[in-house]
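To start, the structure under review is shown below, and the notes come after it.
Since the structure is predicted, the reported quantities are computational estimates derived from the model, not experimental observations. Counting starts at 1 for both ligands and their atoms, in listed order.
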Amino acid sequence: MDIKSKVVHGSKGYDPATGSISFPIYQSATFRHPGLNQTTGYDYSRLQNPTREELENTLAALENGKAGFAFTSGMAAITSMMELFKSGDHFMVTDDLYGGTYRLFEELLVKRGMTFTYVDTRDFSQIEKALKDETRAIFIESPSNPMMKVADIKAIADLAKSRGMLLIVDNTFLTPLYQRPLELGADVVVHSGTKYLGGHNDTLAGFLVMNSPELIERMKLIQKTTGASLPPFDSWLILRGIKTLSVRMQRQSENALAIAHWLKKHPLVDKVYYVGLPEHEGHDVSIKQAAGFGAMISFTVIEERLVERILGKVKLIAFAESLGGVESLITYPVLQTHAAIPKEIRDRIGVNERLLRLSVGIEDVQDLIGDLEQALRD
Ligand SMILES: *Cc1c(COP(=O)(O)O)cnc(C)c1O
């Protein structure tokens, strides 16, 4: 079945007991046992809940993995995943990375004796050089946030495999609709479900999807022990969001391509970073490994003072953190998503004071362009 049908119908897709087309919200903390040593398969909602299970199985089916795990946010998912590792373990990480992930690694996990090296994962030789005997995993974002760098997932997966390391891919920006890292050889897929999967800027959620039976067993233990599992109502909201993922992504990507072309021609715009532009340096790798380019654009304006003008004047586009929803949002990474990243790293990767990030929504594209046009005007 094509993934455009899979997103609509989920895993079970409906409630087999009643025929309910909308999967029910099992708003229950606990479940009755029929008798001693008997269970319905559900005991307590931190361990299993039918609504969350439907969502987890849906994510697994979409990513072509054996198991999915749903958490209260993307950061809860990444934090839980890092419980797979221990003191002394080293990680090779994309240098252009979601700020919250960097903060988790550098503020909390280094205190537990884990170490991290940040490299440009577009460059294969840099990756090879950064690997050490104690490297346990490679953690990449592709396309990266916010500079839209594209890493060759299959090449890195082959390298990780040959060295006995795990490859973890944060797939938030493209979703399984456009990119399925497990099929390219990755071991773990991470999502902030808050973004495209939920799609409506109304719920936080996070996911892990994996294939290895050993990792799945360890992850089940971690999820039930740490307890950051996604509640039933939030699970239902994400399930509902996923039903329209393919139409949303398609419209958002079309809008993004048109806006990227428009921005390129604007005299006050300096650089435009959008993977869908043929001149983007990651364009060809992206075509090889992904079925679409997504709807995230970063761009720099020619002078820093224009940033304040734009953020103050946009009307239809909201000046707000986050991305992926039906509403277009504009973000200032230096002060928002990437404030936790030290200036020297930000400067190296290109997150400067002139950079803005646009998450393109499903509004009419001419309205969006009109909004940007008036916001850039004096
Ligand atoms: C938002 C985001 C996260 C964190 O997810 P939350 O749901 O906000 O906790 C992780 N990775 C990427 C790429 C993100 O955009």
**OP:** Apply the ring pair (Phe, Tyr, Trp, His ring centres under 6.0 Å) test between Phe139 and each candidate in Phe105, Phe91, Tyr102; give the one that qualifies.
**Re:** Phe105

List ligand 1's nitrogen or oxygen atoms that come under 3.5 Å of a protein nitrogen or oxygen, with the partner atom and distance.
unit_1, atom_1, unit_2, atom_2, d
ligand 1, 5 (O), Ser192, OG, 3.0
ligand 1, 7 (O), Gly74, N, 2.8
ligand 1, 7 (O), Ser192, OG, 2.8
ligand 1, 7 (O), Thr194, OG1, 2.6
ligand 1, 9 (O), Gly74, N, 3.0
ligand 1, 9 (O), Met75, N, 2.8
ligand 1, 11 (N), Asp170, OD2, 2.7
ligand 1, 15 (O), Lys195, NZ, 2.7

Original post:
Please walk me through it: do Phe293 and His283 pass ring pair (Phe, Tyr, Trp, His ring centres under 6.0 Å)?
Top reply: CA-CA 8 Å; Phe293 303 113; His283 187 79; 4.9 Å; yes

**OP:** Please write out which residues are connected to Leu47 in a hydrophobic cluster, directly or through intermediates, given that two of Ile, Leu, Val, Met, Phe, Trp, Tyr count as joined at side-chain heavy-atom separations below 4.5 angstrom.
**Re:** Tyr44

Original post:
Do you know which of Leu268, Asp371, Leu356 makes side-chain contact (heavy atoms from CB on, under 4.5 Å) with Ile310?
Top reply: Leu356

Original post:
Is it the case that Glu353 and Tyr332 place a side-chain donor and acceptor less than 3.5 Å from each other?
Top reply: no

Original post:
Relative to Tyr98, does Lys195 satisfy both conditions: NZ or CZ under 6.0 angstrom from the six-membered ring centre, and within 45 degrees of the ring's axis?
Top reply: yes

